[in-house]
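Each remark here refers to the structure printed beneath this line.
Here is the naming used below: chain letters follow the sequence lines, and residue numbers restart at 1 for every chain. Values reported hereafter were calculated over all heavy atoms of this structure, with side chains retained and with hydrogens, waters and symmetry mates removed. What you are looking at is a predicted structure, and each value in this text was computed from that prediction instead of being measured.
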Amino acid sequence: MTDSDFQSLPPTRRDFLRQLAAAGAAVTLAPYFLAPSFAEARETAAAGAMETALSPVPAGPEAVDVTLTINGAKQTLKLDPRVSLLDALRERLNLTGSKKGCDHGQCGACTVLVNGRRINSCLSLAVTHEGDEVITIEGLAQGNELHPVQSAFIKHDGFQCGYCTPGQICSAVACIAEGHTKHDDEIREWMSGNLCRCGAYPNIVAAINEAKGQPQPALKRQLSSVS
Amino acid sequence: MTNTLVGKPVDRVDGRLKVTGGARYSAEFNAAGLLHAALVLSTVSKGKITAIDTAAAEAAPGVRSVLTHRNAPKLKEPKPDFANGGGIRNEERIPLSDDKIGYGGQYVALVVADTFERAAHAASLVRVSYAAEPPELNKEQASATKRKPKENDQGEKTQLKKGDVAAALADASLVKIEATYETPTETHNPMEPSATVAMWEGEDRLVVFDATQYVKGTQDVVAQAFGLQRAQVRVICPFVGGGFGCKGAVWPHTILAAMAAKVVKAPVKLSLSRHAMFSGTGHRTPTTQKVALAASRDGKLHAIRHHVETLMSPFGEFVETCGARSTGVMYASPAIEVEETLYEVNVAPPTFMRAPGECPGTYALECALDELSYALKMDPVALRLANHADNHPFKNKPFSAKHLKEAYALGAEKFGWSRRKPEPRAMRDGPLLVGWGMATATYPGYKMNAEAKARLNADGTARVQCATHDLGTGAYTIFTQISAQTLGVPLEKVTFELGSSDLPFGPVAGGSNSTATVGSAIYDAAQDLHNQLIALAVLDPQSPLRGLNPGDVALAAPGQLGSKSQPAKTDSFAEILRRAGKEFVEGEARMKPESKEAPPFEFQSFGAHFVEVKIDPAVPRVQVSRVVSVMNCGQIINPKTARSQVLGGVIMGIGMALEEETVYDPPTGLPVTRNLADYHVPVNADAPSVEAYFVGEPDYHFNPLGARGLGEIGITGAAAAVANAVFHATGQRVRDLPITPDKLLI
Ligand code: FES
Ligand code: FES
């Protein structure tokens with residue numbers, strides 16, 4: 001992919017903020033075991049053993065301040081400059097939806113949207129994202145209403161273990177916004193940065209085909225306002 | 001049992017959690033005061049550690065401890081008894097227990113620090129000196145260690161013989177094929193790297209969040225290592241990000257995380273890097289398989305000889321039972337000889353990987369059959385039909401509910417096999433060579449031990465529990481379906497719990513056994529629960545069922561018991577519980593796999609793959625363009641998740657055929673392809689459209705649900721079908737996987 005492929009993509013800061021405001025800030029909390037039938041499973045899993053809120057992470061004298069907006073909420077973090085955006089999300093903010101599959105930019109499990117573009121968050125240092133707008137898998141649903149790509153993944157069984165899934169879905173949202181979904185082969189090519197060892201690929205293609213025709217709530221608005 | 005749910009393509013009950021990022025995997029259980037660990041891996045494959053300098057690491061910011069063999073606490077060597085519900089070890093050595101190096105990538109130190117970044121940096125400061133010896137990496141170098149194991153780790157016979165193979169192979173009137181097939185080391189590479197979060201509560205209680213296919217097994221091995229009772233160790237794993245076998249055994253990192261947490265007296269997280277996953281959690285051993293076939297002109301096999309050579313590590317035996325699990329079950333032949341030979345090399349321990357034995361074994365056998373079909377000028381499907389086995393070739397018992405002939409027929413029809421031109425290089429799509437190949441798939445029906453507990457509450461909800469696992473297989477969903485159906489409670493009212501050692505015993509999620517094993521336990525627990533309700537009802541003067549013989553009462557409709565002889569007499573769960581003043585009733589079951597007498601049937605699933613490849617002759621990169629797979633696995637509980645299992649197996653089989661290979665550096669023995677850029681797994685663009693179909697009938701001889709598991713069968717035969725299609729397209733027979741473009745350049 002060359003940079004020119006993105007020429008039509010970058011939104012203005014204002015558009016982006018407007019869209020995030022519409023999405024609401026409530027999404028900053030990880031939807032931890034959302035489905036009611038999992039309430040008890042959660043209890044079993046978590047009983048007496050963990051806290052959902054992280055204790056403060058030491059940052060050391062070399063720490064750098066960075067302010068970025070994540071799923072609509074502004075966050076100021078004091079970070080060791082070596083912390084990747086992925087680890088900032090997972091280890092500092094408890095946004096564990098973004099996955100670490102390789103930490104080398106080779107699998108796409110960590111895909112998030114930064115200023116509307118899909119990136120591998122493991123390949124990017126968090127402190128380089130001053131002022132950036134980050135959307136993670138936790139920020140796609142609007143309250144209880146799933147993003148159309150999320151619903152399509154469930155309908156078409158676009159996952160098995162679910163570990164690549166947040167990355168696949170963020171990538172698919174961007175892929176649709178980029179317009180790289182004209183036919184199956186184009187989808188396959190433009191989704192090939194997201195590995196799925198469970199081999200859900202045919203179902204992922206089916207899910208994207210289903211979702212691409214539907215109104216894309218957040219990202220579409222943001223991108224369509226780019227002229 | 002009215003069939004309302006089993007067999008329906010229900011969406012995954014954990015789907016919403018997975019698409020919203022809400023499903024928590026092992027590395028994501030962050031405790032207060034959590035510390036992070038980073039590993040130091042051996043850079044030699046054989047020898048001894050002569051010195052370790054940890055001073056710089058210990059002085060680095062945030063570091064709490066640096067563990068090496070010099071200061072690591074001495075633990076007990078666990079001896080798990082798998083056959084009786086114990087755990088699994090493929091590396092039978094406590095990490096950091098001495099200075100010996102048996103393979104490259106072996107853990108030689110562990111750094112614990114307050115952040116991941118600091119731990120990783122400090123680990124880079126540890127200096128290890130070795131007295132290295134040249135490693136033995138292949139069977140030629142390790143010839144002195146050659147041996148023939150009598151049994152594999154499951155107690156199955158590995159050396160098989162019947163009839164006079166030598167005579168048939170010497171018979172000049174028969175058509176013969178003799179060829180050697182090789183498969184490389186393959187590494188599972190689930191997308192979730194293995195990870196353990198360990199925390200002690202005092203001196204003698206341990207909680208472990210571990211990425212595992214076997215919570216009870218991890219509990220057993222970890223408890224033994226630390227000299228604890230099982231009940232003192234809790235292992236929790238609600239979601240597994242894929243396993244494919246590499247999370248079935250307890251690997252050194254799990255023990256190390258618990259050891260480190262004990263030393264620093266704080267919770268410790270140890271996540272393996274992708275690099276460490278190439279030596280730390282097993283792989284599929286490379287195989288060399290010599291296959292010889294002798295057949296008469298009508299296609300009937302007179303002899304099959306299948307000799308297999310595989311490799312194992314110095315730290316534990318593992319037999320990839322290629323011959324016995326393919327040739328040993330597949331075709332009717334009066335003479336069959338299977339031999340498995342092992343060599344010990346300086347490579348990390350191999351382990352089971354999706355269809356261990358069957359997967360590489362069917363590659364060799366089914367390619368040999370294809371070669372025979374050309375020698376005989378016989379259609380590959382017709383050749384297989386001519387050798388169809390009604391009875392198990394060695395056990396002389398009929399297969400239960402075997403519908404392989406239907407699988408061939410349906411697959412051929414859906415694929416359009418009758419339009420195949422038999423000669424190689426005869427089919428084209430413009431400039432592209434087109435090849436059509438097929439192969440048979442097979443996997444046994446395994447059952448293990450399991451217990452299940454079911455609770456029905458007065459408010460109509462139910463909770464069913466078993467310490468089983470969902471690796472992406474759909475276990476949460478199908479066990480919710482089975483629970484709902486067997487209990488007679490609506491699906492949305494049922495919570496199925498798995499993935500915790502606190503729950504009733506569940507076996508390893510391996511050998512495609514879970515559906516049959518856990519499903520049967522749920523079935524029995526539901527019966528037990530109904531019996532309690534029936535007992536309440538028949539003794540209750542206000543019940544319409546009062547005074548009836550309990551044997552006459554059964555589940556009549558969802559939420560309702562009724563009399564079999566007088567169908568008008570019914571009573572509802574809710575009313576029975578209300579009148580009895582009970583909040584809930586509970587049922588339990590303990591399932592044992594085998595009764596004393598061996599069953600009169602063999603339980604084995606079969607299927608067939610039909611594959612189309614397209615190849616540009618100028619740049620002979622193989623693209624699989626179409627696959628039709630038909631499987632016979634008894635009752636399908638959920639066609640949606642079942643289809644996904646087959647798709648996943650086929651796509652992994654395409655990776656095996658065309659891309660996957662773990663390469664070791666000869667001088668050092670270190671894996672060279674130790675990341676996902678160098679070890680190629682299929683990407684979306686490599687995956688064709690796959691049609692999956694199921695044929696047959698419920699196998700009620702096997703279990704009351706009639707289901708045989710299907711997590712593994714999809715990969716068996718898949719690589720052979722691709723390789724056979726490549727031959728059909730090009731006329732070139734590549735006998736060493738993967739079939740990369742260089743091997744097709746003439
Ligand atoms: S974790 Fe970032 S690409 Fe793999
Ligand atoms: S769903 Fe398991 S890796 Fe994609």
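In this structure, the separation between CZ on B/Arg118 and CG on A/Asp80 is 6.5 Å, given to the nearest 0.5 Å.
Using a 4.5 Å cut-off between heavy atoms, A/Ile169 touches chain B through its side chain atoms alone. Only the side chain of A/Glu62 comes within less than 4.5 Å of a heavy atom in chain B; its backbone stays farther off. With a 4.5 angstrom heavy-atom cutoff, A/Asp87 touches chain B only via side-chain atoms.
The side-chain heavy atoms of B/Val19 and A/Leu146, taken from C-beta on, include a pair separated by under 4.5 Å. With contacts defined as side-chain heavy-atom distances shorter than 4.5 Å, the pair B/Arg643/A/Asn203 qualifies.
Most heavy-atom pairs under 4.5 Å with chain A, from the set B/Pro682, B/Gly655, B/Ser689, B/Cys237: that is B/Pro682. The choice from B/Val690, B/Leu471, B/Asn675 that makes the most heavy-atom pairs within less than 4.5 Å of chain A is B/Asn675.
Using modelled atom types, one side-chain atom of A/Arg188 and one backbone atom of B/Ala687 make a donor-acceptor pair closer than 3.5 Å. At least one donor-acceptor pair under 3.5 Å links the side chain of A/Gln106 to the backbone N or O of B/Leu676. Of the possible donor and acceptor atoms, none in the side chain of A/Arg197 sits under 3.5 Å from a partner among the backbone N and O of B/Val681. A donor-acceptor pair under 3.5 Å is absent between the side-chain atoms of A/Thr165 and the main chain of B/Lys18, judged by distance alone.
Salt bridge annotation for A/Glu91-B/Lys269: present, with a cationic side-chain nitrogen under 4.0 angstrom from a carboxylate oxygen. The pair B/Arg16-A/Glu145 does not meet the salt-bridge criterion, since no charged nitrogen lies less than 4.0 angstrom from a carboxylate oxygen.
Minimum interatomic distance between A/Phe159 and B/Gly15 (heavy atoms only, all atoms of both residues): CZ-CA, 3.6 Å.
A/Lys99 forms no cation-pi arrangement with B/Phe239, by the criterion of a distance under 6.0 Å to the ring centre and an angle within 45° of the ring axis.
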(request) Take B/Asp11 and A/Lys155, measure what salt bridge (Lys or Arg N to Asp or Glu O under 4.0 Å) needs, and give me the verdict at the end. (result) CA-CA 7 Å; B/Asp11 286 345; A/Lys155 178 173 167 192; over 6 Å; no
